[in-house]
Q: 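Let me give you the structure first, and then I'll get to my questions.
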Amino acid sequence: MIERETVLKIARLARLELSAQEVEAMQGQLGRILSYVEMIQGVDTEGVEPTAHVLDVNLTLRPDVPAETEVPPAAYLKAAPDSGYGFFKVPRIVEGGEHGSV
Amino acid sequence: MNPAVLDRYEPVIGLEVHAQLSTATKMFTAVPYRFGVEPNTLVDPVVLGLPGVLPVVNREAVAFAVKLALAVGGRIRHRSRFARKHYFYPDLPKGYQISQYDEPYCEGGAVDLELADGQRRRVTLTRIHLEEDSGKNMHADAGANFSLVDFNRAGVPLVEIVSEPVIASAAEAVGYLRALRQILRTLGICDGNLEEGSMRCDANVSIRPRGASKLGTRTEMKNLNSFKAVSDAIEYEIERQAGVLDAGGAVVQATLLWDPALGQTKVLRTKEEAEDYRYFPEPDLPPLEIPQAWIDELAAQTPELPLALKDRLVAQYQLTPYDAEIFMNNLELAPYFERCVAQAGGPALGKKLANWILTELLGAFRDTGKIPVAAEDLAALVVLVEGGELTGRNAKDVFARLLAGERDPRALAAAAGLLGSVGADGELEAMCRELMDANPAQVEKYRKGKINVLGFFVGEVMKRTRGKADAAAVTALLKELLA
Amino acid sequence: MDPCSLTAVALARAVKARELTAVAVWEAFEARIRRFNPTLNAFLHVNPRAAAEAAALDARIAAGEDPGPLAGVPVAVKDNIVTCQMPTTCASRILEGWVSPYDATVVKKLRAAGAVIAGKTNLDEFAMGGSNENSAFGPVRNPWDLRQVPGGSSGGSAAAVAARLVPLALGSDTGGSVRQPASFCHLHGLKPTYGRVSRHGLVAFASSLDQIGPLARTADDAALLFSVLAGHDPHDATSLRPDQLAPAPAPEGPLRVGVVREFLAEGLDPRVRGIIDAALANWKAAGATLVDVSLPSARYGIAIYYLLATSEASSNLSRYDGVRYAMRAVGARNLEELYSRTRGQGFGPEVKRRILLGTYALSAGYYDAYYRKAQQVRTLIRREVSAAFEACDVLAGPTVPTPPFGLGALLGDPLSMYLSDMYAVVANLAGVPALSVPAGFTAADGVDAPPALPVGLQVMARPGHEETLFAFARRHEALFPELAGRVAPDALSEEVAR
C-alpha cells in the first residue's frame with residue numbers, strides 16, 4: 001500500500017486524471033510492485049557504473065545537410081485535434097500559472 | 001537605482017544564456033530553421049515528436065559547441081551524455097527536452113570583458129551544455145480562450161552557458177553579455193540577436209550585506225530579451241530585494257517574469273511549486289564522443305577572440321586602444337589590416353596603415369559592408385608615401401581611384417606623372433627664386449604686408465611641380481625667401 | 001499447392017520461380033484472415049492495398065526484376081510499428097485513428113524485400129503486457145486453445161503466424177514480448193541484439209530495451225526475415241554500424257550449451273521443467289556439451305526491468321498530450337485539464353500503472369534508490385552474462401516459467417503477470433540476442449483438461465551472434481522432427497467463429 005497522497009502527487013506529475021476507484025486500486029498495486037522491487041536495495045553496487053546504454057558504443061553523428069521533406073507541413077496541422085491560423089490550438093495558457101519555457 | 005543601496009548591499013548575479021547555433025539544420029533532425037517564416041512550416045515528424053521518431057545528433061552543432069568551449073577555455077568532456085528533462089507545456093513536443101545534465105560537454109572556462117571605463121573583469125563559467133530549443137506559444141488577444149503554438153523553433157540547437165555567480169552589477173552583466181555575444185559572432189556560431197531570440201538570458205540575482213560571506217536567497221528572472229531589459233531588471237530586482245531586507249523581511253526564492261513595459265517583475269512560481277524535471281540519461285542517444293583529434297582540428301579553425309585581438313593590436317602595432325577597438329568591433333577589418341601590414345613589409349607601417357583604414361576606408365566599408373581596396377594596393381600606396389615617392393595630397397587622389405575600382409597605385413601614380421618628389425638638391429629653391437624674379441610686383445606686395453600673396457606663390461610652385469612638392473615645405477621655404 | 005501450408009522460404013522461392021503468383025498467395029492468406037480473425041482477433045487492420053501491391057509485384061517479376069528475398073510473402077506488422085497506409089494504434093484509445101505520415105524503417109525494408117504487408121496486429125496497449133488482454137480492442141486468443149492467452153505483448157503477431165493467417169510477422173520485444181508469445185504459440189521468436197534492427201518507427205515503450213524481431217514457424221523463416229530487418233539505420237542513433245559490431249558466423253562443430261541454473265529453479269512450473277530437461281537431454285545425447293552456468297543477479301531481473309522499463313515508458317508516453325495529433329479529451333477548460341483528461345481517458349489501466357510507477361522511480365528523492373540502483377544492477381547482470389559466454393556458445397533454459405495461462409487468469413494480479421517474463425528480461429537487460437524455439441507440449445490428459453499446450457526453450461548468445469541462435473534452432477528442429485510438423489488445428493478457431 002502506498003499513500004493516497006503519493007498516488008495523487010505522481011498522477012499530477014504525469015498529468016493523469018484518475019478516478020477515486022483508480023487511485024485506490026493503484027495504492028495497492030503500486031504498493032505491491034514497490035515492495036517487490038525493494039529486493040534490489042540489498043544488492044551491493046558499491047563502485048558499479050550504472051548502465052545507460054547496453055552496448056558500449058559511441059554516438060553516430062549526422063551531417064548538417066537539410067533533407068527533402070516528404071510530407072507537406074500543412075498535413076500535420078490538418079491531423080491536429082485543433083488548429084487555426086496556421087497554428088496548433090490549445091486552451092488559453094495563463095502566464096504565471098504554468099511552467100515557463102526554456 | 002539608488003546608489004545608497006549598493007553601499008549597504010553587495011549584489012551577486014549569475015547569468016544563464018541560451019544561444020541558438022546557426023547550423024543549417026536542427027539539433028536532432030535535418031530540417032532547416034529561419035526566423036520569422038510562416039508558422040509550423042519548419043517541422044517534420046521528429047520536430048513534432050510523432051510516435052516512433054528518434055533523435056540523430058547534428059555533427060555541426062557539436063562542432064560549434066566545441067568551438068565555443070575552446071574560445072572560453074572550458075574543459076571539454078571527451079564522453080558526455082544527453083539527458084531528458086521532463087515537463088508538460090504546449091511548446092515542448094515530446095513532454096521532455098533533450099538536454100545535458102550531470103555530464104555536460106563543457107565545464108569551467110571564463111569570459112573576459114571590458115567595462116565602459118576600460119576596466120577589465122573576468123566572469124568564470126560553471127558549464128556549457130547542448131540542448132534543443134522549444135517551440136513558441138502565442139497568446140491571442142485578451143478575450144480569446146485559446147493560445148496558439150508554433151513549432152518552427154522547436155529543435156533548434158542551443159548552447160546554454162551558465163556563469164558562476166560572480167557578477168557584481170547590472171553594468172557588469174551587460175558587459176558580460178556583450179562580450180559573450182562578440183565571441184559567438186566571432187566564432188560564426190550564433191548571430192546573437194536578442195530581439196529575435198537567437199540569444200536569450202535569464203538572471204539569478206541575490207544580495208547580501210556588504211562584508212557578509214553567506215549568499216542571500218536568489219530569484220531567477222526570465223524574459224530578458226534586450227540589453228536594456230537585462231540592465232533594468234537586475235537593477236529593479238536589487239532594489240526590490242534591498243527593500244524587502246530593509247523592512248526586516250526575507251527574500252522568497254522564486255522564478256520571476258520581467259515585464260519591460262511596466263518595468264517590474266511578476267512571480268511565475270515559487271520554490272514550493274518548483275518542477276520535478278525527472279532527468280535521466282537519454283536512452284536514444286549513446287554517449288557523445290569528442291575525441292582530442294577533433295578538438296585539435298576545431299581549435300585550428302577557431303579565430304582570435306575580440307578582446308585578445310584588441311590587446312594584440314595595441315601591443316604589436318602601437319595602435320591606440322580607441323583605434324584597436326574599432327577593429328575589434330569590425331572584425332573583418334582586422335585580418336585585412338594585418339594583410340596590409342604583411343604586404344607593406346612589417347609592423348613599422350602598422351600605425352600609418354591603420355590610419356588610412358580608419359579614416360579613408362572605414363566609411364566605404366560601413367556603407368557597403370565590403371572592403372573596397374585590395375590589401376596589396378593599400379600597402380603599396382602607403383609604401384609610396386612613406387618612401388617619399390608620393391605626397392600625401394597626391395596619395396589621396398590615387399586612393400580615390402582605388403576606391404573607384406582601379407588597381408596598382410604605383411602604375412596609377414606613374415601614369416599621372418605624380419611619382420618622385422621635388423625638393424631635393426635646391427631644385428625647389430631655384431624654382432622659387434625664378435618665380436620671384438618673374439613676379440617682382442607680387443614680391444613687393446608681400447613685403448608691404450599683403451601676406452596672402454604667399455598663396456599665389458605656393459600655388460604656382462605646386463602647379464609647376466604637379467603636386468609632387470610637399471606643400472608645407474614649399475610654404476616654409478617661400479616665407480624664408482620673401483622675408 | 002496450398003500456399004498457407006508453405007514456409008516463407010518456400011513461398012518466396014515459388015513466387016520468384018513463377019510457380020505461384022503473389023496475388024494468389026495473398027488471396028489464400030486473406031481468405032484465412034477473413035475466416036479466422038473474427039475468433040482470434042489477431043489483426044486490427046488488414047492492408048486494403050495488399051492485393052494491388054501483390055499484383056504490382058507480379059508485374060515486376062513478369063518483367064524480369066528480382067523482387068527480393070521475401071518475394072510475395074505476406075508479413076504482418078505489430079500495430080506499434082508505424083505505417084503510412086494503415087492506422088497505427090498501439091492498441092490504445094489515445095492513438096485511435098492516427099495515421100503515421102512516415103513508414104518505419106523495418107516496413108520500408110520489408111517492402112524493398114518484396115514482402116506484402118498483410119496488416120497490423122493486435123498487442124497489449126503500447127506493448128505493455130504479457131497476455132494481449134491489455135488491448136483497447138479486445139484480447140487475442142491462442143490458436144492452440146482458445147481459452148488461453150497467446151502471450152504478449154506481440155500476441156496478435158504470434159496468433160496470426162500460429163494460425164497460418166500469415167507465414168511471418170514482426171513483433172517487438174522489450175522484456176520478452178516476442179519470445180513469450182512464441183513460447184505460448186509454438187513458434188520461433190527472436191529478440192535481436194540491441195541495435196541490430198532499427199527502432200525508427202517503432203513506437204517507443206522502453207527505448208534502452210526495445211527491439212523489433214521476427215515471429216515464424218521455422219528456424220529458416222525466422223532467419224530469412226531477420227536478414228531483411230537487420231542493419232544500420234542513420235535514423236536511429238542506437239543502431240549499430242558494422243564497425244561497431246560485426247555480425248558473427250555460427251561456430252563450427254558441436255555447440256557448447258550453457259544451462260542457466262537460476263532458470264531451472266524456484267518458480268518454474270514442473271510441466272515446463274520436464275519438457276526443458278527432456279530437450280536438453282536430447283541435445284546432450286546428440287553430442288552437445290552441456291555446461292552448468294550461474295547468473296546470480298538474474299533473480300533481480302524483473303525488479304530492475306520494471307523500474308527501468310516503466311521509467312523510460314513514463315518519459316516516452318509524455319508526448320501523448322492531445323496537442324499535436326491523435327486523441328484530445330473534449331471539454332477541457334484549461335491546459336491542465338487538457339493534459340490530464342486526454343491521458344486519463346486515452347490510456348488503459350496497465351499503461352497508467354506503468355506511467356505512475358516510472359514517474360515515481362524518476363521523481364526527486366527516489367531516482368538514486370530506484371532508477372540509478374536498477375541501472376547498477378543491470379551492469380552486474382551484463383557482466384555475469386558476458387562472463388557466462390566465456391564457457392559456452394549459447395545459454396539455454398525455458399522461455400517462460402509456465403505454459404500459456406487462461407484468459408483472465410492473471411488480470412487482477414499485475415505482479416504475477418510480470419513474473420512470466422523473469423527469464424526473458426535478462427536478454428533485454430544484457431542487450432544480447434535471444435531466441436525462443438518450440439520445445440514441446442504439455443500432456444493433454446482427460447476430457448475436461450486443457451488440450452496440449454506449447455512450451456518454448458530460450459537460447460541466448462553473445463551480441464551479434466544471431467547466426468549461432470539460428471544454427472541452434474535448425475539443429476533443434478532436426479532433433480525434434482515431430483515438433484516441426486505440428487500446426488494449430490483450424491477446427492478450433494472455426495468453432496467459436498460460428
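Just so we're clear, the structure is a prediction, and the values are computed from it rather than from any experiment. In what follows, every chain begins at residue 1, and chains take the letters A, B, ... in the order their sequences are listed.
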Q: I'd like to know which of B:Met138, B:Glu60, B:Lys136, B:Arg59 tops the heavy-atom pair count under 4.5 Å against chain A.
A: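 Of B:Met138, B:Glu60, B:Lys136, B:Arg59, B:Arg59 has the most heavy-atom pairs under 4.5 Å with chain A.
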
Q: Going from NZ on A:Lys89 to CG on B:Asn145, what distance comes out if it is rounded to the nearest 0.5 angstrom?
A: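 Rounded to the nearest 0.5 Å, the NZ-CG separation comes out at 8.0 Å.
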
Q: Among A:Val57, A:Asn58, A:Thr60, A:Leu61, find the residue that satisfies the side-chain contact (heavy atoms from CB on, under 4.5 Å) test when tested with B:Glu289.
A: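 Passing option: A:Asn58.
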
Q: Before giving the answer on side-chain contact (heavy atoms from CB on, under 4.5 Å), spell out for B:Glu282 and A:His53 the whole-Å C-alpha distance, their side-chain angles and the decisive distance to 0.1 Å.
A: CA-CA 9 Å; B:Glu282 166 57 279; A:His53 293 92; 6.0 Å; no

Q: Look at atom CD of B:Gln292 and say whether more than 12 heavy atoms of other residues, nucleotides or ligands are closer to it than 6.0 Å.
A: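 Yes, CD of B:Gln292 has more than 12 neighbouring heavy atoms, counting only those of other groups under 6.0 Å.
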
Q: Looking at A:Asp56 and B:Arg79, is there a salt bridge between them, counting it only when a charged N and a carboxylate O are closer than 4.0 Å?
A: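 Between A:Asp56 and B:Arg79 there is a salt bridge, with a charged N closer than 4.0 Å to a carboxylate O.
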
Q: Out of B:Asn223, B:Leu256, B:Thr23, which one racks up the most heavy-atom pairs below 4.5 Å with chain A?
A: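 Most heavy-atom pairs within the cutoff with chain A belong to B:Thr23.
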
Q: Kindly compute the distance separating NZ (A:Lys9) from CG (B:Asp276), expressed to the nearest 0.5 Å.
A: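 Interatomic distance, A:Lys9 NZ to B:Asp276 CG, rounded to 0.5 Å: 6.5 Å.
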
Q: Which bit of B:Leu50 comes within less than 4.5 Å of chain A, counting heavy atoms only: side chain, backbone, both or neither?
A: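 Side chain only.
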
Q: Return the option, out of B:Ala63, B:Pro281, B:Ala144, B:Ala61, with the maximum number of heavy-atom pairs under 4.5 Å with chain A.
A: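 Of the candidates given, the most pairs with chain A belong to B:Ala144.
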
Q: Under 4.5 Å heavy-atom distance to chain A, tell me which part of B:Phe28 shows up: side chain, backbone, both or neither.
A: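 For B:Phe28, backbone heavy atoms alone lie under 4.5 Å from chain A.
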
Q: Using a 4.5 Å cut-off on heavy atoms from C-beta on, say whether the side chain of B:Leu48 contacts that of A:Tyr76.
A: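 Result yes, sub-4.5 Å side-chain heavy-atom pair found.
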
Q: Going by atom types only, do B:Thr29 and A:Arg62 share a side-chain donor-acceptor pair under 3.5 Å?
A: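 Judged by distance alone, the side chains do not pair up.
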
Q: Can you tell me if A:Asp64 uses its side chain to pair, donor with acceptor, with the backbone of B:Ala24 under 3.5 Å?
A: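 The answer is yes, because a donor-acceptor pair under 3.5 Å joins these two groups.
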
Q: Tell me, side chain or backbone of A:Ala14 under 4.5 Å from chain B's heavy atoms, or both, or neither?
A: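 Only the backbone of A:Ala14 comes within 4.5 Å of chain B.
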
Q: Could you have a look at A:Ala74, A:Pro91, A:Ala52 and say which one has the most heavy-atom pairs with chain B under 4.5 angstrom?
A: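 Of A:Ala74, A:Pro91, A:Ala52, A:Pro91 has the most heavy-atom pairs under 4.5 Å with chain B.
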
Q: Any side-chain heavy atom of B:Pro90 sitting closer than 4.5 Å to one from A:Ile93?
A: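 Result yes, sub-4.5 Å side-chain heavy-atom pair found.
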
Q: For each of B:Ser99, B:Pro32, B:Pro45, tally heavy-atom pairs with chain A at distances under 4.5 Å, and name the one with the top tally.
A: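 That would be B:Pro45.
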
Q: Could you measure the distance from the OH atom of B:Tyr87 to the CZ atom of A:Arg15? Nearest 0.5 Å is fine.
A: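 The distance works out to 12.0 Å.
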
Q: Taking all non-hydrogen atoms of both residues into account, name the closest pair between A:Phe87 and B:Val149 and its distance.
A: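 What the structure gives for the nearest pair is CD2-O, 3.5 Å.
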
Q: Take the angle between the ring planes of A:Tyr85 and B:Phe146 and call it parallel below 30°, perpendicular above 60°, tilted in between.
A: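 Answer is parallel, since the angle falls under 30°.
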
Q: Counting only heavy atoms from other residues, nucleotides and ligands, does the tally under 6.0 Å from OH of B:Tyr101 exceed 12?
A: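 Not more than 12 within 6.0 Å, no.
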
Q: Give, as side chain, backbone, both or neither, the part of A:Leu13 having an atom under 4.5 angstrom from any heavy atom of chain B.
A: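 Both parts, backbone and side chain.
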
Q: Are there more than 12 heavy atoms of other residues, nucleotides or ligands under 6.0 Å from atom CD of A:Glu38?
A: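 Yes, CD of A:Glu38 has more than 12 neighbouring heavy atoms, counting only those of other groups under 6.0 Å.
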
Q: Would you indicate whether the side-chain heavy atoms of A:Pro73 and B:Asn40 approach each other to under 4.5 Å?
A: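 No. Closest side-chain heavy atoms not under 4.5 Å.
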
Q: A:Leu59 and side-chain contact (heavy atoms from CB on, under 4.5 Å): which single residue from B:Val62, B:Leu288, B:Val56, B:Ile290 fits?
A: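 With A:Leu59 as partner, side-chain contact (heavy atoms from CB on, under 4.5 Å) holds for just one option, B:Leu288.
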
Q: Does atom CD (A:Glu24) have a neighbourhood of more than 12 heavy atoms from anything else shown, all under 6.0 Å?
A: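 At most 12 heavy atoms, drawn from other residues, nucleotides or ligands, come within 6.0 Å of this atom.
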
